[in-house]
Structure formats: structure tokens, C-alpha cells
Asker: 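One structure, pasted below without further comment.
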Amino acid sequence: RRQRDHADQRERLREERERLNLNQSDFAGVGGVGRKSQFNYEEDERQPDASYLSAIAEAGADVRYIITGERDAPPPEVLSADERELLTLF
């Protein structure tokens with residue numbers, strides 16, 4: 001069961017990245033890791049740590065969904081690249 005949980009988590013992580021319209025390199029940057037780490041998370045070679053999960057949550061990823069497969073509410077609204085850039089300027 002644990003192996004299946006990890007496989008589900010990696011699939012949901014990829015799904016959230018794609019929902020945010022980010023490639024692996026950009027999502028890795030959001031999470032404060034390198035592209036290779038992002039790749040490893042999505043291939044279930046490594047498990048992300050709390051600081052990574054916190055960072056992607058701030059960018060709009062639904063971490064509860066990634067971990068449990070359950071959402072409390074509809075997915076957070078996705079910001080465009082221009083909107084994210086504007087927010088970083090403040």
C-alpha cells in the first residue's frame with residue numbers, strides 16, 4: 001500500500017505542476033530545488049521535504065491534495081506568469 005501511496009502522490013504532484021502551467025524547471029525553482037530534484041519527486045526517487053511543500057503551496061499548489069488525494073475546496077486560482085512576476089515585485 002505504501003508504494004501505491006507514493007505513486008499516487010507523485011502523480012498528483014505532476015498534476016498540480018501542470019495545473020499551474022509550470023514546467024519541471026520552473027516548478028523546481030518555486031520549490032527552491034533543482035530540476036533534478038523535481039524530476040526525482042515526480043519519479044518517486046525522492047520524497048519532497050516540508051520546506052519544498054510549503055513553497056509550492058505559497059505558489060498555489062494544493063499540498064493537501066498532493067499528500068492525501070482530497071481537496072477541501074476547488075483548486076486555488078491559478079496566476080498567470082505575468083501576475084506571479086508582478087507579485088514578486090512587491
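Note that the numbering runs from 1 along the sequence shown for the chain.
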Asker: What is the distance from atom CZ of Arg10 to atom CZ of Arg46, rounded to the nearest 0.5 Å?
Answerer: 16.0 Å
Asker: Under the 3.5 angstrom rule, does the side chain of Arg17 hit a backbone N or O of Leu22 as a donor-acceptor pair?
Answerer: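 Pair found, side chain donor or acceptor close to backbone of Leu22.
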Asker: Please name the pair of heavy atoms, one in Ala57 and one in Val63, separated by the smallest distance, quoted to 0.1 Å.
Answerer: CB-CG2, 3.6 Å
Asker: Taking all non-hydrogen atoms of both residues, which atom of Glu85 and which atom of Thr88 are closest, and how far apart?
Answerer: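 The answer is O-OG1, 2.6 Å.
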Asker: Between Gln9 and Ile66 (side chain of the first, backbone of the second, donor and acceptor by atom type, cut-off under 3.5 Å), is there such a pair?
Answerer: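 Here the side-chain-to-backbone pair does not exist.
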Asker: Quick one: does Arg14's side chain have a donor or acceptor within less than 3.5 Å of a partner on Glu42's backbone?
Answerer: yes
Asker: Salt-bridge test for Glu16 and Arg19: reply yes if a basic N is under 4.0 Å from a carboxylate O, no otherwise.
Answerer: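 The answer is yes: the pair qualifies as a salt bridge.
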Asker: Counting distance only, does the side-chain N/O of Arg12 pair as donor-acceptor with the main-chain N or O of Ile67 below 3.5 Å?
Answerer: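 Answer holds: yes.
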Asker: Gly31 and Ala55: which non-hydrogen atoms are nearest, and at how many Å?
Answerer: CA-CB, 3.9 Å
Asker: Show, in sequence, the C-alpha distance, side-chain angles and deciding distance for Ile56 and Leu13, and conclude whether the side-chain contact (heavy atoms from CB on, under 4.5 Å) test is met.
Answerer: CA-CA 10 Å; Ile56 65 169; Leu13 177 63; 4.0 Å; yes
Asker: For Gln38 and Tyr52, which I'm curious about, is there any donor-acceptor pair between the side chains at under 3.5 Å?
Answerer: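 The criterion, which ignores hydrogens and geometry beyond distance, is satisfied for Tyr52 and Gln38.
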Asker: So which atom in Ala61 and which in Phe27 form the shortest heavy-atom distance, rounded to 0.1 Å?
Answerer: CB-CZ, 4.3 Å
Asker: Are Phe39 and Leu53 in one and the same hydrophobic cluster, where Ile, Leu, Val, Met, Phe, Trp and Tyr link if side-chain heavy atoms are under 4.5 Å apart?
Answerer: no
Asker: With the 4.5 Å side-chain cut-off for hydrophobic clustering, are Tyr65 and Val30 part of the same group?
Answerer: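 Each belongs to a different hydrophobic cluster.
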Asker: Who pairs with Thr68 by side chain to side chain contact (heavy atoms under 4.5 Å, CB included), at least two apart in sequence or on another chain?
Answerer: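 Thr68 satisfies side chain to side chain contact (heavy atoms under 4.5 Å, CB included) with Arg64, Glu70 once adjacent residues are dropped.
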